[in-house]
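Proteins get letters first, then strands, A, B, ... in listed order; numbering begins at 1 in each.
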There are 2 protein chains.
Amino acid sequence: MTTHARRSLRHRIADELRALVLSGELPPGAQLPSEPELARRMQVSRSSLRSAIALLEEEGLLRPVHGSGTYVNDRPLLRDDLSRNLSGTEMIAATGRTPGARLTEARLEAAPPEVAAAFGLPDGTPLSALRRVRTADGEPVIDTTDWCRPEVLDPVAMADPAGGSVYQALAERGLAIHHGVATMRPAMADARVAERLEVPEGSLLLTLFQTDSTADGVVALVSLEIYPADAFLISVYRRGPGDES
Amino acid sequence: MTTHARRSLRHRIADELRALVLSGELPPGAQLPSEPELARRMQVSRSSLRSAIALLEEEGLLRPVHGSGTYVNDRPLLRDDLSRNLSGTEMIAATGRTPGARLTEARLEAAPPEVAAAFGLPDGTPLSALRRVRTADGEPVIDTTDWCRPEVLDPVAMADPAGGSVYQALAERGLAIHHGVATMRPAMADARVAERLEVPEGSLLLTLFQTDSTADGVVALVSLEIYPADAFLISVYRRGPGDES
DNA sequence: CCGGCAAAGTTGTCTGACAACTCTGCACAG
DNA sequence: CTGTGCAGAGTTGTCAGACAACTTTGCCGG
């Protein structure tokens with residue numbers, strides 16, 4: 001391996017294997033070539049290949065069986081798996097529709113209590129806020145609000161972020177998002193949200209309050225997303241209750 | 001390593017490390033001993049230790065930094081993280097309340113369409129169904145229905161499962177649950193659910209439809225769980241958008 | 001006081017070997 | 001002909017040692 005990127009080798013190998021599976025080249029149930037063989041073909045060491053396979057096993061995509069081989073799991077393909085997919089744009093694109101946005105509005109505003117708490121700041125601290133209604137094929141499907149510290153991104157930078165996405169703009173400022181924690185609640189549409197999402201007042205919604213942090217635990221972005229009840233099938237892949245027999 | 005268990009070595013090492021972190025012996029931000037040192041102490045090879053660390057990195061618990069060391073992440077502890085926690089009993093216990101159940105009712109019934117589809121069976125196939133209202137300190141918090149194939153567990157076995165939990169009863173019959181996929185929807189309480197959960201009719205609910213599968217993709221259990229809006233904070237840990245910088 | 005550099009320490013990857021396990025197919029007894 | 005047992009080949013799991021790539025520390029010279 002002479003071609004070096006930033007991601008570690010095992011992640012790049014995992015990407016390559018994942019692509020093979022998702023493209024259907026390795027159909028569900030299929031057995032992978034043996035590790036030495038595959039390592040030779042991909043020009044990597046067996047240990048790096050094994051690390052990659054371990055990642056994909058953890059993801060639930062592959063299933064190595066001692067003494068037999070490594071197989072492709074045929075679990076339902078979750079394009080909208082919450083635990084792997086941070087961005088609303090991707091969720092929309094994954095359903096095959098064209099993502100868009102309207103009613104974009106960015107300004108400095110006082111942090112609501114829940115948001116301030118997530119950042120660990122006092123109530124009312126001024127924050128950059130970006131409000132959008134995201135659309136799929138022109139139809140409104142998510143009402144989102146993103147908050148971040150103004151010294152990191154000012155409202156103007158949030159509304160038109162470098163690199164196209166707020167995540168990338170944050171990454172360029174040294175705040176690459178490592179993980180997020182999302183909390184879900186059912187809700188009913190009040191007049192304001194009903195108008196923005198073009199649904200009847202009082203109709204069912206799912207709200208998702210999320211705090212995104214960097215690898216060292218700094219909260220970099222907080223967002224509130226509001227979905228009409230049936231805009232998406234919001235799913236989560238859950239691991240089994242330990243391997244205890 | 002002469003002491004053999006069922007779980008693979010790296011999982012056992014990971015368990016040990018996880019315990020060290022959760023017990024507070026390795027506080028957030030702390031640097032682990034170096035890999036060679038730790039491997040020597042735990043009497044395992046460095047490669048096995050590295051595999052374990054990779055697992056915990058994927059879990060978000062540890063953060064190895066090339067050339068520097070491996071550190072404990074201080075991410076918020078999610079007691080009710082959906083993506084790691086399958087059982088309603090555990091969710092209740094994690095909030096510090098005492099789990100219980102009432103209105104337990106088990107019988108053979110025709111599979112509703114959505115359930116039949118999850119099993120890949122025709123509509124109306126008879127299935128074992130177990131209906132319960134689970135309680136926390138006596139207060140109703142989840143209305144659950146579990147379905148499984150009657151040749152695996154008959155209604156009587158479901159109502160009083162060997163080993164105490166349906167999961168364990170399934171595992172003893174060679175159907176250990178490996179993963180599940182849960183889909184969330186907001187809903188409103190109809191008369192029946194309102195009475196069972198002791199909430200006003202029309203109040204907000206979160207429903208969670210889940211299919212649990214074995215390692216080879218066989219659907220072993222399907223369940224529908226209904227939560228009052230504020231019974232739990234249902235959260236998900238989401239990985240960041242790739243490591244691309 | 002500051003900048004640069006070398007050295008020590010750490011994680012990432014490679015190579016080769018053997019152990020543990022699974023699966024296939026053949027020989028052999030019934 | 002059939003079923004059983006066993007040996008062998010093939011595969012994943014683990015081990016050991018080495019070097020590369022990177023970070024951090026601290027010294028030295030300006």
Side-chain angles (χ1 to χ4, degrees), chain A residues 1-17 26 29-59 61-73 174 176 178 214-216 243 245, chain B residues 1-17 26 29-73 174 178 215-216 243-245:
Chain A
M1 283 273 83
T2 53
T3 131
H4 286 107
R6 272 205 171 56
R7 284 164 68 81
S8 79
L9 179 53
R10 66 164 184 270
H11 286 297
R12 281 175 288 153
I13 301 176
D15 289 344
E16 207 168 321
L17 288 176
L26 288 170
Q31 176 175 4
L32 267 65
S34 77
E35 293 176 355
E37 165 69 13
L38 206 60
R40 196 186 54 71
R41 273 200 229 167
M42 300 180 118
Q43 309 257 59
V44 298
S45 75
R46 193 185 154 213
S47 30
S48 298
L49 174 66
R50 276 183 60 74
S51 305
I53 291 179
L55 286 180
L56 297 177
E57 178 190 10
E58 205 55 18
E59 264 181 44
L61 208 63
L62 297 183
R63 176 167 49 97
V65 179
H66 189 180
S68 168
T70 301
Y71 303 86
V72 178
N73 267 333
H178 174 261
T214 65
D216 16 74
D243 296 43
S245 67
Chain B
M1 282 275 85
T2 52
T3 132
H4 287 107
R6 269 200 172 60
R7 288 161 67 80
S8 80
L9 180 54
R10 67 163 182 271
H11 286 297
R12 281 176 287 152
I13 302 177
D15 289 343
E16 207 168 323
L17 289 177
L26 289 171
Q31 176 175 5
L32 267 66
S34 76
E35 292 176 356
E37 164 71 12
L38 237 148
R40 194 187 56 70
R41 274 200 229 167
M42 300 178 118
Q43 310 257 56
V44 297
S45 75
R46 193 186 155 212
S47 23
S48 298
L49 174 66
R50 276 182 60 74
S51 304
I53 291 179
L55 285 181
L56 297 176
E57 177 190 10
E58 206 56 16
E59 259 179 50
L61 207 63
L62 297 182
R63 175 167 49 97
V65 179
H66 190 179
S68 167
T70 302
Y71 303 86
V72 178
N73 265 333
H178 175 260
D216 17 74
D243 296 44
E244 87 267 349
S245 70

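Atoms CZ (A:Arg63) and C1' (D:dT11) sit 14 Å apart, rounded to a whole Å. If you take CG of A:Leu49 and P of C:dC14, they are 10 Å apart, rounded to a whole angstrom. C:dT13 atom P lies 16 Å from atom CD of A:Gln43, rounded to whole Å. Rounded to whole Å, the distance from CZ on A:Arg40 to P on C:dG16 is 14 Å. The nearest whole Å value for the distance from the CG atom in A:Leu9 to the C1' atom in D:dA20 is 13 Å.
The shortest distance between side-chain heavy atoms of A:Arg10 and A:Leu55 falls below 4.5 Å.
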> In B/S/- notation, 5' to 3', how is nucleotides 5-11 of chain C contacted by protein heavy atoms closer than 4.0 Å?
Replying inline: ----BBB
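Atoms CD and CG, from A:Gln31 and A:Leu26 in turn, are 11.0 Å apart once rounded to the nearest 0.5 Å. Expressed to the nearest 0.5 Å, how far CZ of A:Arg40 lies from OG of A:Ser45 amounts to 14.5 Å. Between the CD1 atom of A:Ile13 and the CD1 atom of A:Ile53 there is a distance of 9.0 Å, given to the nearest 0.5 Å.
Distances shorter than 4.0 Å separate some side-chain N or O of B:Ser48 from OP1 or OP2 on D:dC15.
Using a 4.0 Å cut-off between charged nitrogen and carboxylate oxygen, A:Glu16 and A:Arg12 do not count as a salt-bridge pair. Salt-bridge annotation for A:Arg50 and A:Glu35: present, with a side-chain N of the basic residue lying under 4.0 Å from a carboxylate O of the acidic one.
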